[in-house]
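Letters A, B, ... are given to chains in the order of the sequence lines, protein chains preceding strands, and every chain is numbered from 1.
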There are 4 protein chains.
Amino acid sequence: MGEPAAPGRKSIGAKRNPESADAILDAAEAVLAEAGYPGFSIEAVARRARAGKPTIYRWWPSKAALLIEIYQRQKRVEVPDTGALEEDLAGFLVNLFAHWRDTSSGNVFRSLIAEAQSDKAAAAALADYAKGRRAHTGRMIERAKARGEVAADIDAELVADLVASFAWTHLLTNRLDEDEATIRTAVRYVVQGVTPP
Amino acid sequence: MGEPAAPGRKSIGAKRNPESADAILDAAEAVLAEAGYPGFSIEAVARRARAGKPTIYRWWPSKAALLIEIYQRQKRVEVPDTGALEEDLAGFLVNLFAHWRDTSSGNVFRSLIAEAQSDKAAAAALADYAKGRRAHTGRMIERAKARGEVAADIDAELVADLVASFAWTHLLTNRLDEDEATIRTAVRYVVQGVTPP
Amino acid sequence: MGEPAAPGRKSIGAKRNPESADAILDAAEAVLAEAGYPGFSIEAVARRARAGKPTIYRWWPSKAALLIEIYQRQKRVEVPDTGALEEDLAGFLVNLFAHWRDTSSGNVFRSLIAEAQSDKAAAAALADYAKGRRAHTGRMIERAKARGEVAADIDAELVADLVASFAWTHLLTNRLDEDEATIRTAVRYVVQGVTPP
Amino acid sequence: MGEPAAPGRKSIGAKRNPESADAILDAAEAVLAEAGYPGFSIEAVARRARAGKPTIYRWWPSKAALLIEIYQRQKRVEVPDTGALEEDLAGFLVNLFAHWRDTSSGNVFRSLIAEAQSDKAAAAALADYAKGRRAHTGRMIERAKARGEVAADIDAELVADLVASFAWTHLLTNRLDEDEATIRTAVRYVVQGVTPP
DNA sequence: CTGTAATCGAGACGGTACGTCTAGTCTTAGG
DNA sequence: CCTAAGACTAGACGTACCGTCTCGATTACAG
């Protein structure tokens, strides 16, 4: 990632050149890492990737599309399965905070959320993505429900929403350095609220 | 708010002209209401306010500063005090969602959050503001604690954080039309989690 | 000429496909007729002809080459032979003005001259073509010389040059609607200048 | 002319900065001289002048406008007055050929004619300019008419048109190196044609 | 009562980025 | 070896804003 150029790249015929696609995504990631969201322009990406702007626009109609693809090709945060919901959710959040803090993922996702405030397509893509993640995170709660750890009438996705919102807000307000203890406490408040009496 | 122009406004001597300041803030609000965050540029505000750009830059060094001032001069959401925490928090959220949905405040705050992802000053101001709001919201929990409705060792601001995060995330993903029932359910999960056994 | 497409044209093996060549020239002419010189791009011709750009570049290395071939396959202006030089030259110019005015030839030739100002090859081709035309037109003067209507020491090509220049300049400044009387007058000035005393 | 930069040029308030205008015209001239018409782009001029593109577009809506202004601020060719029409016209053409050949004027005017084939505004400006020049050149013929050297019913502008067309065509086909003798001969043909019997 | 200093609208300035267009080259897949 | 197709790098197009600058007019207040 981030190598300054791929000098002699050419067309490989009437089909997409995956080298170019990679170079563009790498460049986008590098630009975002080095100059952050304010410096993230299609021009800068094209310069960095030694790609023509139309090549970028051909495959990614907007900055948002680029951001989404960058975000999605990055390593996912693993979802723990310890047999205890509080442990699972706390582990998940701790992992997520660390992932966002220690890789460029945090910047990418922050940028995507920001972009979604200007760009309808980005908003739709983000909504979609967020919905998927809530479902995904919700499975932790469903498993707990199956174990009888959570009451049967609990809305798993709503719980996932509470947990994810906590993470998003910390990301957006530069509070990814939150204490692990605090994260666990927040999770505990929610988990206790959904524990059957 | 939003009158198209204030044609013959001039300097009133060697001091700030409050008419200009008002015209600029009004224009900024109107631009944001009409064109949204993507159309919110200093140029557009200056045009709308019939003000010179330097006049804007003199008093508000960035878009973020303008956004903050607009947001803060808008009417606050009232914090209920019904004697029952769940009722208080649910009412607060319902009011907040309605306020964001039905006035331009939602757009203003969304824009401010987006801007904070590019602009350090905006980020600091937003962090500051959010901290204040958590404290403010936290007082609802403190009151419940005083009533014995909430366990004594509960971190009131953390609870406020969970609740506010839920609201922010809905704002940022265009889900302000959430069912009142769903909002109440989410609040109940958290409140039950902090209720003493 | 100008049919919008030749949809299923394919290679006919290891040799030039004359259908393609025709389709390309037809398309070029049509593009020039409809969008004029500013809209005349290789891309547009390729789109219109349903041809690949490389197919065009293989046979015509530049826009100029295309223009020259289009111009040359168009019907020539006939050179009158009335037995009187003034009549011949005036008739020739009137025909030429009408031809340029009423067919796409005028646009083609204008474009070629314009292109020759950027493109060395076009310039050479144009110079060559113009030389040939001067020789051709010069024959009218040579015939008159043989009849004794023109002095023996007159440079026939130079006279042809004067006459052709008059036409070119009118073409380039959109004055093809010049009165026939004015054209005849101009011709008369020149013819009288070369008449023996 | 053509100095590479004017580094610290700034706005001088809400009015046009003549330094910028000069720098842009100088740069345009230099670009045309060095890269010719094919290399003459607004971008290149802006780069060379260290000016923003919008500054150029603010004052010159098209390349044509720039070309016209460059051409017009260049030194004019002087119109001789020897008392003999043939001498006057021959001298004028010889001067004009030399001027076009030895300064950048030839390139500028060639470019302007080429541009006029794409750009309506340039066409209009060129038509206008050419009309003025014909009138101007026509004065040489009018003077000769007053001296009785030319018949009274001769259309002076038409004669001027013949002479100018000869020059234009030589410019456009790279024949500015024409022999002085040939130029004089051509002029003689025309002058003799308008001499009273 | 006059001069100074800060303010105002206005708009030009050098720049950067936008998203689109064309140029000319290259490769593929198939006739 | 030709064809259609279309991707590729490169860079110009004309526009929108950015944040800075200077202007000339205006007016409060200090001397």
| request: Tell me whether the OP1 or OP2 atom of E:dG15 has a side-chain N or O from D:Arg50 closer than 4.0 Å. | output: yes
| task | Assign the ring pair A:Phe109 / A:Tyr71 to parallel, tilted or perpendicular, where the plane angle (0 to 90°) is split at 30° and 60°. | result | parallel
| query | Which part of the nucleic acid does A:Thr55 contact within heavy-atom distance under 4.0 Å: base, sugar-phosphate only, or nothing? | reply | base
| said: Looking only at the side chain of C:Glu43 (C-beta and beyond, no hydrogens), which of the listed nucleotides E:dT22, F:dC8, F:dG19 gets closest? | reply: E:dT22
| field | Residue met sooner reading DNA chain F from 5', once B:Ile42 and D:Ala44 are mapped to nucleotides | value | D:Ala44
| Do side-chain atoms of C:Ser104 reach the backbone of C:Asn107 as a donor and acceptor pair under 3.5 angstrom? | no
| message | Heavy-atom nearest nucleotide on DNA chain E for D:Ala46 versus D:Lys15: which residue maps closer to 5'? | response | D:Lys15
| query | Using 4.0 Å as the upper bound for N to carboxylate O, is an ion pair formed by C:Glu34 and C:Arg48? | reply | yes
| task | Take D:Glu29 and D:Arg73 through the test side chain to side chain contact (heavy atoms under 4.5 Å, CB included) and record every step on the way to the result. | result | CA-CA 11 Å; D:Glu29 210 170 327; D:Arg73 74 171 192 165; 3.0 Å; yes
| query | Between B:Gly39 and A:Ile24, who's closer to the 5' end of DNA chain F by nearest nucleotide? | reply | A:Ile24
| Separation of atom NZ in D:Lys53 from atom C1' in E:dG14, rounded to whole Å | 13 Å
| A:Ser20 side-chain N/O to F:dT9 phosphate OP1/OP2 under 4.0 Å | yes
| said: Strictly below 4.0 Å: does B:Arg16 bring a side-chain N or O up to OP1 or OP2 of E:dA6? | reply: no
| message | Is it the case that the base of E:dA12 and the side chain of D:Ser11 share a donor-acceptor contact (distance under 3.5 Å, atom types as modelled)? | response | yes
| field | D:Arg47 side-chain N/O to E:dG14 phosphate OP1/OP2 under 4.0 Å | value | no
| Over how many whole Å does the gap from C:Ile56 atom CD1 to E:dT25 atom C1' extend? | 14 Å
| said: By nearest atom, which of the nucleotides F:dG6, F:dC13, F:dC17 is closest to the D:Pro54 side chain? | reply: F:dC17
| Short N-O contact, B:Asp22 and B:Arg9, less than 4.0 angstrom | no
| query | Roughly how many Å is it from CZ in C:Phe40 to P in E:dT22, rounded to a whole number? | reply | 13 Å
| query | Looking at A:Trp59, does any N or O in its side chain come under 4.0 Å of the phosphate oxygens OP1/OP2 on F:dC8? | reply | yes
| request: Answer yes or no for D:Arg16 and D:Trp60: cation-pi contact, defined as NZ/CZ to six-membered ring centre under 6.0 Å and angle to ring axis within 45°. | output: yes
| Closest to side chain of B:Ser41, choosing from F:dC18, E:dG15, E:dG19 | F:dC18
| message | Nearest 0.5 angstrom please: D:Ser62 OG to D:Lys120 NZ, how far? | response | 14.5 Å
| query | Any idea which heavy atoms bring C:Gly39 and C:Val31 closest together, and the distance? | reply | O-CG1, 3.6 Å
| field | Whole-Å gap separating C1' (E:dA12) and CD (D:Glu19) | value | 13 Å
| Residues within residues 110-121 of chain C bordering DNA chain F, heavy-atom distance below 4.0 Å | none
| said: If I take atom NZ in residue D:Lys10 and atom C1' in nucleotide F:dT22, what distance separates them, rounded to the nearest angstrom? | reply: 11 Å
| field | Closest nucleotide among E:dC8, E:dA12, F:dG19 to the B:Arg58 side chain | value | E:dC8
| query | If only side-chain N and O atoms of D:Trp60 are considered, is one of them under 4.0 Å from the OP1 or OP2 phosphate oxygen of F:dG14? | reply | no
